[in-house]
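Each chain gets a letter, A, B and so on, in the order the sequences are listed, and its residues count up from 1.
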Amino acid sequence: MFGLADCNNFYVSCERLFNPSLCGKPVVVLSNNDGCVISRSQEAKKLGIKMGEPLFKIKKLVESERVYIFSSNFALYGDISWRIMERLRQMVPTIEVYSIDEAFIDFRGISGDQASKIARNISPILLRDVGIPVSVGISTTKTLAKVAAKLCKRYPKLNNCCIMNNASDIDKVLDKFRVEDIWGVGRRYSKMLNSEGVDTAKKFTECNPVWVRDKMSIVGLRTWKELKGEPNIGFEENLNDKQQICTSRSFSSDLYDHEKVIMAIAKFASSGAEKLRKQNGVTSQIHIFILTNPFKEGVKEDYRSIVVPLNYPTDSTFEIVKASCSAALSILKSGYGYKKAGVIITDITKKNETTGSLFCEKDLGKESELMKSLDEINLKYGRDTLVTAAQGVDKIKYNMNNLSRRYTTSWEDIIKVKI
DNA sequence: TCTGGGGTCCTAGGACCC
DNA sequence: TCTGGGGTCCTAGGACCC
């Protein structure tokens, strides 16, 4: 059996944890720059607020219905997530942390009865020890466990735990389960399937596998097999090392000043480099991209990206910032207002498994020590205590007008709460 | 006026090799 | 009129996820 533990309305639940008066009220959490809705309480869903909806489109509703609004506070959510995962690890054999608010559980080698017994305890214990409501679904494959977890959210009488293991139950569930709700079937595929008359998960399992493979590639076929109870998606305990690290932001206004865009790129590059060092990686290739506001009509539109190969694999902030900035400089065009930019670090290998370069003139050992000191100083005295000059001193403006405190991770904020 | 950010995997097609 | 067969690697783009 496989299980899935999935936090309910995670970001909203985190905000409520430190502000219980929000319980029972409509609450939403916004994306960076206070752009779109990315988490909604049950009450907010009931008001018809959709996932991904821009804030300005629901302004009226927010005012008339007194919806509580929060800017995203990832320092808080990340820390609460870590607590959830640590507590979960103590209860079950093995977990795969799948996202900030979800973990798969490997129950293989344990009897169905025992797995069910454990599963029923997870939600009450996490609620008691961490304070976050969690749905738990278990079944014979990851995809079916996803279905089961979704049922918990649909039927409160399940008490946040749904065990789906006999064939006739699964059959009944799939018959009522819409194809667009299946994990792995997105907007495009559900539209295609619907147009072919395949509107339920059950009908999907009755499709010809050759047809499925043809229309939805090998990925779709895997989903098809999983729904029929045949495990086809691997269980990965260590998903920590990223194959690419992307750091990007939208700006609060269009930037016509190239210098400002370059400063932002330098900042993205250096925070990417820091994440790279955290996983002991080195990169030999970076992508830079810049774009104008695609929603704005009547202005000149531009999207540009460039791939920069590096001379030798590196984790140095200096190298990565330098390469990123000069690449960005080469693609920026005057007269365009840039709304968003980003740096993607790719071609990542392990630092200790990478051979040095014959033609590198730098003392890489020294550079490594320097980076270590840089990271230590920024850890001790706070982010951006020490930055590259390219990044500049002036902060680039982002909208963040409804930010809660970092209740669990910032010493200043912890003190404030106590007072 | 205001529209997120960070990932994964797969496929097709081009450039190149012998 | 006729023009091989078998590969690899890379990239862009598309699909999906949260």
Nearest-neighbour nucleotide for the A/Gln244 side chain, B/dC10, B/dT8, B/dG6 considered: B/dT8
I want to verify a distance call: between B/dG5, B/dC10, B/dC2, whose nearest atom is closest to the A/Arg249 side chain? B/dG5
In Watson-Crick or G-U wobble terms, both distances under 3.5 Å, what is the partner of B/dC18? C/dG5
Between B/dT11, B/dG6, B/dT3, which one does the side chain of A/Ser217 approach most closely? B/dT11
A/Arg188 side chain: which of C/dC16, B/dT3, C/dT11 is closest? C/dC16
Quick one: is B/dG5 close enough that its OP1 or OP2 comes under 4.0 Å of any side-chain N or O from A/Thr247? no
Quick one: do A/Asp384 and A/Lys267 make a salt bridge, cutoff under 4.0 Å? yes
Return the value, rounded to whole Å, for the distance between atom CG of A/Asn32 and atom P of B/dC2. 17 Å
Count the heavy atoms of every other residue, nucleotide or ligand shown that sit under 6.0 Å from CZ of A/Arg188, and state whether that count exceeds 12. no
Rounded distance (Å) that lies between atom C1' of C/dA12 and atom OH of A/Tyr303: 10 Å
Would you mind reading off the distance between A/Tyr398 atom OH and B/dT3 atom P, rounded to a whole angstrom? 14 Å
A/Ile38 CD1 to B/dG5 C1', in whole Å, measures 8 Å
Out of B/dC2, B/dG5, B/dT11, whichever nucleotide has its closest atom nearest the side chain of A/Arg213: B/dT11
Contact class for A/Ile182 vs. all strands (heavy atom < 4.0 Å): base, sugar-phosphate, or nothing? sugar-phosphate
Closer to the 5' end of DNA chain B via nearest nucleotide, is it A/Ser252 or A/Val219? A/Ser252
What contact category does A/Leu55 fall into here, base, sugar-phosphate, or nothing, at under 4.0 angstrom with non-hydrogen atoms? nothing
Do you know the tightest heavy-atom contact between A/Glu226 and A/Thr141? O-OG1, 3.0 Å
Quick check on B/dC2: is either OP1 or OP2 less than 4.0 Å from any side-chain nitrogen or oxygen of A/Asn33? no
Shortest side-chain distance from A/His287, nucleotide among C/dA12, B/dG4, B/dT8: C/dA12
Answer with base, sugar-phosphate or nothing: what part of the nucleic acid does A/Lys59 contact at a heavy-atom distance below 4.0 Å? nothing
NA contact type, A/Lys339, heavy-atom cut-off 4.0 Å: base, sugar-phosphate, or nothing? sugar-phosphate
On DNA chain B, check which nucleotide each of A/Ser248 and A/Phe251 is closest to and give me the residue with the more 5' one. A/Phe251
With respect to the phosphate group of B/dC10, does any side-chain polar atom (N or O) of A/Arg222 fall under 4.0 Å of OP1 or OP2? yes
Regarding A/Lys146 and A/Glu102, does a basic nitrogen lie under 4.0 Å from an acidic carboxylate oxygen? yes
Straight-line distance of A/Cys14 SG to A/Tyr407 OH, nearest 0.5 Å: 11.5 Å
Whole-angstrom distance between B/dT3 and C/dC18, as gauged at atom P: 25 Å
Side-chain contact check for A/Ser250: nearest option of C/dC16, B/dG4, B/dC10 is B/dG4
Classify the ring geometry of A/Tyr98 against A/Trp183: parallel below 30°, tilted from 30° to 60°, perpendicular beyond 60°. perpendicular
Search all heavy atoms of A/Ser324 against all heavy atoms of A/Val343 and return the closest pair with its distance. OG-CG1, 4.0 Å
Would you classify A/Ile245 as touching base, sugar-phosphate or nothing, given that sugar-phosphate means primed atoms plus P, OP1 and OP2, and contacts are heavy atoms under 4.0 Å? sugar-phosphate
Looking only at heavy atoms, the pair that brings A/Ala115 and A/Ile110 closest together is N-CG2, 3.7 Å
Separation of atom CD1 in A/Ile233 from atom C1' in C/dC18, rounded to whole Å: 15 Å
Interatomic distance, A/Ile344 CD1 vs B/dG6 C1' [rounded to whole Å]: 10 Å
Applying a 4.0 Å non-hydrogen cut-off, can you work out what A/Asn293 is touching in the nucleic acid: base, sugar-phosphate, or nothing? sugar-phosphate
Side-chain N or O of A/Gln243 closer than 4.0 Å to phosphate OP1/OP2 of B/dC9: yes
Which one, B/dG5, B/dG7, C/dC18, comes nearest to the side chain of A/Cys246? B/dG7
CD of A/Glu301 versus C1' of B/dT3: gap in Å, rounded? 14 Å
So A/Asp101, base contact, sugar-phosphate only, or nothing? Heavy-atom distance under 4.0 Å. sugar-phosphate
Expressed as a whole number of angstroms, how long is the span from A/Ile345:CD1 to B/dG6:P? 12 Å
Considering every strand and a 4.0 Å limit on heavy-atom distances, what is the contact class for A/Glu53: base, sugar-phosphate, or nothing? nothing
Can you tell me if the side-chain N/O atoms of A/Ser31 get under 4.0 Å from OP1 or OP2 in B/dT3? no
Would you say a side-chain N or O of A/Lys146 is under 4.0 Å from OP1 or OP2 of C/dC18? yes
